[in-house]
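The model shown is predicted, which means the values in this text are computed figures rather than measured ones. Residues: numbered from 1 along the sequence shown. These numbers come from the heavy atoms of this one structure, side chains and all, not from hydrogens, waters or symmetry mates. Start at 1 and go down the list; that is how both ligands and their atoms are numbered.
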Amino acid sequence: MCISSCSRRRGLVIILLLHLTAAVYGSNYFENFDITWGGGRGKIINNGELLTLSLDTTSGSGFQSKKEYLFGKIDMQLKLVPGNSAGTVTAYYLSSQGANHDEIDFEFLGNLSGEPYTIHTNVYSQGKGDREQQFRLWFDPTADFHTYSILWTPQTIVFSVDNVPIREFKNLERKGVAFPKGQAMRLYSSIWNADEWATRGGLIKTDWSRAPFTAAYRNFGYRAWMPLHLDSSINQAKLRWVQRNFMIYNYCSDAKRFPAGFPPECRA
Ligand SMILES: *[C@@H]1O[C@H](CO)[C@@H](O)[C@H](O)[C@H]1NC(C)=O
């Protein structure tokens, strides 16, 4: 019957649990990231506990993870550029390489002092994006650090903020929608100037007298996804609360963009 296969299965469970424990690793930025551009405008400080990226008139800056990930949960605490950040964009995303790349994006579009940031999200699978959803936040993201997470499993992608899910992109391959699951991705972040388009379509220009603009990162965490993980069930009530009250743009309601009909995932 199942004597040998059961014990084999039990052995597998134990191995997976060990692997899971081993896969939880901490937030030392020296160990996990490389500053990749910006001529010194990106810095790892406090013994590797804090990373900062800056933008001035000459350049922005960016970093990337040393490792590539295939599924898992990624957490990062960010404190966004305070004050008049209009025209600046801070991006934080997973991406694979090449023309048919996959990508899971958070972008934070700055604003005038006291005006709200826009949280822009997108998902690319096999080179195809055009799946933007944008949100406001229920707090000031420049006053303190907050946790921005990406849960990526073969079934779903969940964006969350302080553990509140804001967006879910489900695997709908059965409806012919490509889903990112065959290419490992690196984690990237960067800050740059986008005042040709970011703030009210380019009407508001970056105020360079406020430069350098600096965003800060701490407490990076990665937990590998395992087939036994059941934590991909998300709090649907919270997700609906965010989508109802804080979503300011949804490609799935932008009929002008899709005159021939919405993409299949919008009709799911
Ligand atoms: C900046 O704030 C204004 C006023 O609330 C808002 O209409 C605009 O969308 C915001 N811009 C960005 C880039 O978030």
Side-chain angles (χ1 to χ4, degrees), residues 38 41 52-62 76-95 103-124 129-150 158-162 164-169 188-217 238-258 266:
R41 289 172 187 78
T52 59
L53 291 183
S54 293
L55 163 72
D56 59 30
T57 43
T58 311
S59 176
S61 50
M76 183 85 89
Q77 291 193 320
L78 275 80
K79 188 172 168 186
L80 301 178
V81 175
N84 182 354
S85 59
T88 70
V89 173
T90 305
Y92 157 59
Y93 59 104
L94 284 167
S95 183
E103 195 174 310
I104 305 172
D105 289 328
F106 270 110
E107 279 180 25
F108 305 95
L109 280 51
N111 213 333
L112 298 169
S113 295
E115 301 291 346
Y117 263 73
T118 293
I119 311 303
H120 177 96
T121 63
N122 204 353
V123 176
Y124 285 73
D130 298 330
R131 299 193 175 103
E132 300 85 358
Q133 285 188 354
Q134 295 185 337
F135 304 85
R136 296 273 185 248
L137 291 167
W138 47 96
F139 54 82
D140 173 3
T142 72
D144 209 342
F145 285 90
H146 290 270
T147 305
Y148 301 87
S149 310
I150 295 169
V158 180
F159 297 78
S160 49
V161 177
D162 291 337
V164 175
I166 64 166
R167 174 175 189 178
E168 180 171 25
F169 183 80
Y188 296 85
S189 189
S190 54
I191 177 167
W192 76 87
N193 177 43
D195 68 358
E196 321 81 55
W197 61 269
T199 308
R200 298 186 204 172
L203 280 179
I204 295 172
K205 294 296 169 194
T206 303
D207 178 1
W208 292 110
S209 73
R210 303 298 188 98
F213 301 100
T214 302
Y217 303 74
K238 280 191 175 166
L239 177 64
R240 278 195 302 276
W241 173 74
V242 174
Q243 298 239 321
R244 198 171 305 133
N245 295 293
F246 298 95
M247 187 156 69
I248 55 170
Y249 178 80
N250 183 3
Y251 74 113
C252 285
S253 352
D254 192 348
K256 277 194 296 254
R257 255 178 92 180
F258 302 101
C266 297

Taken in chain and number order and not counting sequence neighbours, the residues that satisfy ring pair (Phe, Tyr, Trp, His ring centres under 6.0 Å) with Tyr124 are His101
Here the atoms of ligand 1 under 4.0 Å from any heavy atom belonging to Gly110 are 13 (C)
With sequence neighbours left out, the residues meeting ring pair (Phe, Tyr, Trp, His ring centres under 6.0 Å) with Phe108 are Phe106, Tyr148
The atoms of ligand 1 lying under 4.0 Å from a heavy atom of Asn111, numbered in the order shown, are 1 (C), 2 (O), 3 (C), 8 (C), 10 (C), 11 (N), 12 (C), 14 (O)
**Message:** Any nitrogen or oxygen of Tyr117, side chain or backbone, less than 3.5 Å from one on ligand 1?
**Reply:** no
**Short N-O contact, Arg41 and Asp56, less than 4.0 angstrom** = yes
Counting from 1 in the order shown, the ligand 1 atoms closer than 4.0 Å to a non-hydrogen atom of Thr118 are 12 (C), 13 (C), 14 (O)
Going by the 4.0 angstrom heavy-atom rule, the piece of Arg136 near ligand 1 is side chain
Counting heavy atoms under 4.0 Å, the part of Pro116 that contacts ligand 1 is both
Check your understanding: Are a donor atom and an acceptor atom from the side chains of Ser190 and Tyr92 found within less than 3.5 Å of each other?
Key -> no
### Message
Using a strict threshold of under 4.0 Å (side-chain N to carboxylate O), is an ion pair present between Arg257 and Glu132?
### Response
yes
